[in-house]
Amino acid sequence: MIRFEPPRELAFRVKDNFTIWSYTLEPLADGGTRVAVRREAPEGLAPMSAKLQGVVMGGLDRFDEEILAGMHKTLERLKAEVEA
């Protein structure tokens, strides 16, 4: 765990590729909550991960597009669960 500050933030490192994923919650004036998800690689990707993304997963740009689409889907599902 990189950061754990309930109820505001959770961040963890993926040991296989060195990325850091974080979820940040920000209370809104209307009583809602803004949720942000981030994927960062401040120290770069693990060499094997970078190679796999480039060769096996359609290239780095394509992989980044897939990651972003997955992030949006996760946030949509989270919203649906909270509102249910």
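All values reported here derive from a predicted model rather than from experimental measurement.
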Applying a strict under-4.5 Å side-chain criterion to I, L, V, M, F, W and Y, I'd like to know whether V82 and V37 cluster together.
yes
Quiz prompt | CE (M1) with more than 12 external heavy atoms under 6.0 Å | solution = yes
Sequence neighbours excluded, the answer for side-chain contact (heavy atoms from CB on, under 4.5 Å) partners of P42 is I20, E40
Here the gap from E83 atom CD to L78 atom CG, rounded to the nearest 0.5 Å, amounts to 9.5 Å
Task: Worked check of side-chain contact (heavy atoms from CB on, under 4.5 Å) between R8 and L25 - done: CA-CA 5 Å; R8 298 187 192 273; L25 287 77; 5.6 Å; no
Just by modelled atom types, is the S22 backbone N or O under 3.5 Å from a matching donor or acceptor in the R38 side chain?
no
Here the pair of heavy atoms bringing F18 nearest to G44 is CB-O, 3.7 Å
The reported gap from CD in E9 to OH in Y23 (rounded to nearest 0.5 angstrom) is 12.5 Å
- request: For E81, look at atom CD and say whether over 12 heavy atoms of other residues, nucleotides or ligands are found less than 6.0 Å away.
  value: no
Among the clusters formed by ILVMFWY side chains lying less than 4.5 Å apart, do L45 and I2 turn up in the same one? no
When rounded to the nearest 0.5 Å, the distance separating CE of M71 from OG1 of T74 is 8.5 Å
Apply side-chain contact (heavy atoms from CB on, under 4.5 Å) to residues V35 and T24 and explain how you reach the verdict. CA-CA 6 Å; V35 180; T24 305; over 6 Å; no
Checklist entry - Is there side-chain contact between E5 and L10, with at least one heavy-atom pair below 4.5 Å? => result no
CD (Q53) and CD1 (I67) are apart, to the nearest 0.5 Å, by 7.5 Å
Separation between CH2 (W21) and OG1 (T19), nearest 0.5 Å, reads 7.0 Å
